[in-house]
Structure formats: structure tokens, C-alpha cells
Amino acid sequence: MAATLIWISLLVGLLAGLGGTEIQQTTLHPLVGRVFVYTLDHDAFLQLPEHVAVPVTYHAHLQGHPDLPRWLRYTQRSPHHPGFLYGTATPEDRGHQVIEVTAYNRDSFDTTRQRLVLLIADPEGPLLPYQAEFLVRSHDVEEVLPSTPASLFLTALGGLWEPGDLQLINITSALDRGGRVPLPIEGRKEGVYIKVGSASPFSTCLKMVASPDSQARCAQGQPPLLSCYDTLAPHFRVDWCNVSLATARDFLTDALVTLLVPLLVALLLTLLLAYVMCCRREGRLKRDLATSDIQMVHHCTIRGNTEELRQMAASREVPRPLSTLPMFNVRTGERLPPQVDNAQVPLILDQH
């Protein structure tokens, strides 16, 4: 009974907190093809005094929907850690989206709501055709999402790449890519995939890491070939056997080849067929001149006789068969009268 009363009081407090919820609104500007990170801080939501640790959890969803949009994810290590909304918008997500976030104070059961207005637009500046993805095994996704570790990673990666502006494209937890939850051992991390793009080509060092020789060494359990100094160590422990390089491709040429080649082959076949059927015909006059006179007379005779027989068959009149007439004499073909005394008809008729 006491437990029931406690749960009722907690529910009443929660409903009271929801009734007094004040909605705050913040406008953000994510960019297509760039990683977007928004920190859900306890102080910003609940306006707590300084140096006050309160367990807070969050629930975020797209306005009018129960879940977040497909490009956006939410993570929080524990109620005593801040939450993060992160992801990379695609061109299909361009436009206006509203995210509603509710913060729950686990001590006082107070709630605070915040509305995030996302204005997703295309980025300015050059494109990033050269993209590389690294698996960092020394960090969890929550440890890389803040701006300081992300900037440190880009700075350290600048020593392995050609000079240029490096941009974070995507950050994904290794658990979301099929990784396993590590054992609760000190120093064991889940791992995180970090994707970086640049307008500058890949360096020789990165090309050597992704070469077939390095992949063969990784398949044998050996470290890959690395011709330069690992500037990411010791802050970031990168799994160099899981580095993937990609360049942007122009699909216009592939589309033109896919469409034009079959059309060109079909056109050539059509022209060839038209030439064989129209330009290579001998013609009736040439055929008649190449045929002997005797054969032509024979053919015309057969054809004339055939037409004559068809005309005769169409115009002839055939009498109705006797077998279809009622009550007839088989020998003479004469009809018997309808009223005949069968007793007076002889069994054997006279023969004349």
C-alpha cells in the first residue's frame, strides 16, 4: 500500500511539472554534408545554480512524430552527463525541421521543454570530393562530439593530409556500425567512426595505408604500411586497418554511357535491318527477267486454272442430299406419302 501511495505521489508531481512546462525556442543552422552537434546541457535547460549536480534525462522527437528524423541521433552516457543531438543532414533533409526536447529532473521531477528550430541549408565554399573515414578505438562517441576533441582530431590529422581545410562530415558510434559492447574493463572503449572531407587530394601516406599491400598485411594480422609519422597518437588510437578512402564521382558520364550505348546499338540494328529489307530487294521486274519464259508460262497457267476452279466452285448449285429428306425410297429416291398404310406396302418391292 505504501509503495502504491509513493507511485501516485510521483505521478502527480510529474503531471504537475508537465503542466507548468515553459517552452524555450532556439534556432540552429545545420549544413548539408557537415556534422551537426548540439549539446543538451543541464544548466541551460533547468537553470540550476552553479556547482549543483542533478541527474537529468532527455527525450527528443520531431514535432508531430514520435521519433527523431532519420539523419539525427541522440545519446547520453548517464543522467549525470550532458546529452547530445548529432548527425549529418542529407540533401533530402534540406529545409525546416522542428525538434522538441523535454528534460526531466530525476530529483524533483520538474520538466522543461525546449523547441529547436533547424534551418538546414547547403554549405558555402568548395566541395569536399576527398573523404576519409577513421575508426578511433580510444574514444566513445560522447567524448568526440564536443568541439574541443573534434578540433584536436582535425589538427592532428592535418599532419597526415595535404594542406587544406579539413571538415568533419560524420561521426558514428561503432555500436551503430555492428560493433560489440566492450567488457566493463578500465580503458576499454566502444569506438567511434570519424569521417573527414577535404578539397585537397589524399597524401601519399594515406594512399599507402589504403593500398592492397596494406590490406594484405592487415588480413595476416600485421600492421599496415605507414610511411609517415602518426600525428594522431597518443591522443587518438586509430585502427589503420579500418581506414577507408573515397572520392566523389561524377555520375553524369556513367548515366550517358548507360543510356546512349544501348540507343546507339538499337539505331545501328534498325539501319542494318532497313538496308537489308529495302535496299537489298531484287524487285519484281528483276525477278521476272531472271526467270525463264517456260517457267513463267507454267506458273501463269497454274494460277489461271486455280482461279477458274475457285470461281466454278463458288457458283455451282448442289442439290440437297437425299439422306436429309424425310421418308424416302433408298433405291428410287422417291418420297413416301405422309399417310401410308404400312400393311399394304410389300416387304420386297417390284424390281423393274
J.: Taking T155 for its side chain and S151 for its backbone only, find out whether a donor-acceptor pair lies under 3.5 Å.
T.: yes

J.: Please evaluate residues R113 and V101 with respect to the criterion side chain to side chain contact (heavy atoms under 4.5 Å, CB included), reporting the C-alpha separation (whole Å), side-chain torsions for both, the decisive distance (0.1 Å), and the verdict.
T.: CA-CA 6 Å; R113 297 179 62 189; V101 183; over 6 Å; no

J.: Can you measure from CG (L166) to OG (S198) and round to the nearest 0.5 angstrom?
T.: 5.0 Å

J.: Would Q114 and T26 count as a side chain to side chain contact (heavy atoms under 4.5 Å, CB included) here? Give the steps.
T.: CA-CA 8 Å; Q114 187 178 78; T26 304; 4.0 Å; yes

J.: Evaluate whether atom CG of L127 has more than 12 neighbouring non-hydrogen atoms of other residues, nucleotides or ligands under 6.0 angstrom away.
T.: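 Atom CG in L127 is not packed in, count stays at 12 or less.
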
J.: Are the side chains of L62 and V98 in touch, meaning some heavy atoms are under 4.5 Å apart?
T.: no

J.: Suppose we screen for side chain to side chain contact (heavy atoms under 4.5 Å, CB included). Which residues come up paired with T148, at least two apart in sequence or across chains?
T.: none

J.: Which is it for I120 and L31 under the side chain to side chain contact (heavy atoms under 4.5 Å, CB included) test, yes or no, and what are the steps along the way?
T.: CA-CA 6 Å; I120 306 173; L31 299 178; over 6 Å; no

J.: Measuring from atom NZ of K207 to atom OG of S214, what distance do you get when rounded to the nearest 0.5 angstrom?
T.: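 Taking NZ in K207 and OG in S214, the distance rounds to 14.0 Å.
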
J.: Where does the angle between the aromatic ring planes of F134 and F153 fall among parallel (under 30°), tilted (30 to 60°) and perpendicular (over 60°)?
T.: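 Ring orientation, 0 to 90° scale: perpendicular.
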
J.: Taking everything shown except Q25 itself, do over 12 heavy atoms lie less than 6.0 Å from its CD?
T.: yes

J.: Is the backbone of I302 close enough, under 3.5 Å, to the side chain of N305 for a donor and an acceptor to pair up by distance?
T.: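 Pair absent, no side-chain N/O of N305 close to backbone of I302.
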
J.: Verify the distance criterion only: is there a donor paired with an acceptor across the side chains of D213 and Q215 at less than 3.5 Å?
T.: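 No, no side-chain donor-acceptor pair sits under 3.5 Å.
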
J.: Hey, is the main chain of L175 close enough, under 3.5 Å, to the side chain of S173 for a donor-acceptor pair?
T.: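 Yes, because the side chain of S173 sits within donor-acceptor range (under 3.5 Å) of the backbone of L175.
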
J.: Could you please spell out the steps behind the salt bridge (charged side-chain N to carboxylate O under 4.0 Å, His left out) verdict for E190 and R137?
T.: CA-CA 7 Å; E190 298 172 356; R137 296 192 178 276; over 6 Å; no

J.: Applying ring-ring contact (aromatic ring centres under 6.0 Å, His included), which residue pairs with at least one partner in residues 203-222 are found, sequence neighbours left out?
T.: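 Listed once each, the pairs would be none.
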
J.: Is S203 reaching over with its side chain to a backbone N or O of L160, donor-acceptor style, under 3.5 angstrom?
T.: yes

J.: Excluding sequence neighbours, so at least two apart, what forms side chain to side chain contact (heavy atoms under 4.5 Å, CB included) with T270?
T.: none

J.: Is a side-chain N or O of H42 found less than 3.5 angstrom from the main chain of P79, in a donor-acceptor match?
T.: yes

J.: If you apply the rule salt bridge (charged side-chain N to carboxylate O under 4.0 Å, His left out), what do you find for E308 with R303, and how did you get there?
T.: CA-CA 9 Å; E308 184 179 0; R303 186 171 182 180; over 6 Å; no

J.: Taking R237's backbone N and O only, do any of them form a donor-acceptor pair with S138's side chain (distance below 3.5 Å, no angle check)?
T.: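 Yes, S138 side chain to R237 backbone: donor-acceptor pair under 3.5 Å.
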
J.: Count the heavy atoms belonging to other residues, nucleotides or ligands that lie under 6.0 Å from NE2 of H65, then report whether that count exceeds 12.
T.: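 It does not: H65 NE2 has 12 such atoms or fewer within range.
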
J.: Below 4.0 angstrom, N of the basic side chain to O of the carboxylate: do E142 and K189 qualify?
T.: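 Not counted as a salt bridge, because no side-chain N and carboxylate O are separated by less than 4.0 Å.
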
J.: Rounded at 0.5 Å granularity, tell me how far CG in N170 sits from OG1 in T88.
T.: 3.5 Å

J.: Report yes or no: does T75 contribute a side-chain atom to a donor-acceptor pair with the main-chain N or O of F84 at less than 3.5 Å?
T.: no

J.: Who clusters with L225? Use side-chain heavy atoms, under 4.5 angstrom, across I, L, V, M, F, W and Y, and order the result by chain and number.
T.: M208

J.: Which pairs with one or both residues in residues 173-220 pass disulfide (SG to SG under 2.5 Å), sequence neighbours excluded?
T.: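 For residues 173-220: C205-C228, C218-C241.
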
J.: Look only at the side chain of Q76 and the backbone of V56, and say whether a donor-acceptor pair between them is shorter than 3.5 Å.
T.: yes

J.: What pair of heavy atoms forms the shortest contact from L168 to I194, and how long is it?
T.: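 Distance-wise, the nearest heavy atoms are CD2-CG2, 3.6 Å.
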
J.: Tell me, do D93 and P69 make a side-chain contact under 4.5 Å, heavy atoms counted?
T.: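 No, every pair of side-chain atoms sits at 4.5 Å or beyond.
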
J.: Between L85 and L116, is a side chain to side chain contact (heavy atoms under 4.5 Å, CB included) present by the stated rule, with each step listed?
T.: CA-CA 11 Å; L85 290 174; L116 306 179; 3.7 Å; yes

J.: Sequence neighbours excluded, which residues qualify as ring-ring contact (aromatic ring centres under 6.0 Å, His included) partners of H61?
T.: H59

J.: Roughly how far apart are D122 CG and E124 CD, rounded to 0.5 Å?
T.: 10.0 Å

J.: Hey, what do you get for NE2 (H96) to CD (Q63), rounding to the nearest 0.5 Å?
T.: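 Going from the NE2 atom of H96 to the CD atom of Q63 covers 8.0 Å.
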
J.: Starting at CG of L263, measure out to CG of L256 and round the result to the nearest 0.5 Å.
T.: 11.0 Å

J.: Answer yes or no: is there a donor N or O on one side and an acceptor on the other, between the side chain of R73 and the main chain of Y86, under 3.5 Å?
T.: no

J.: Checking E143 side chain against D140 main chain: does a donor-acceptor pair fall under 3.5 Å?
T.: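 Present.
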
J.: Do you know the tightest heavy-atom contact between P149 and F236?
T.: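 Closest pair (atom of P149, atom of F236, distance): O-CZ, 3.6 Å.
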
J.: What do you reckon, is CG of L269 surrounded by more than 12 foreign heavy atoms closer than 6.0 Å?
T.: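 Yes - once you tally the heavy atoms of other residues, nucleotides and ligands closer than 6.0 Å, there are more than 12.
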
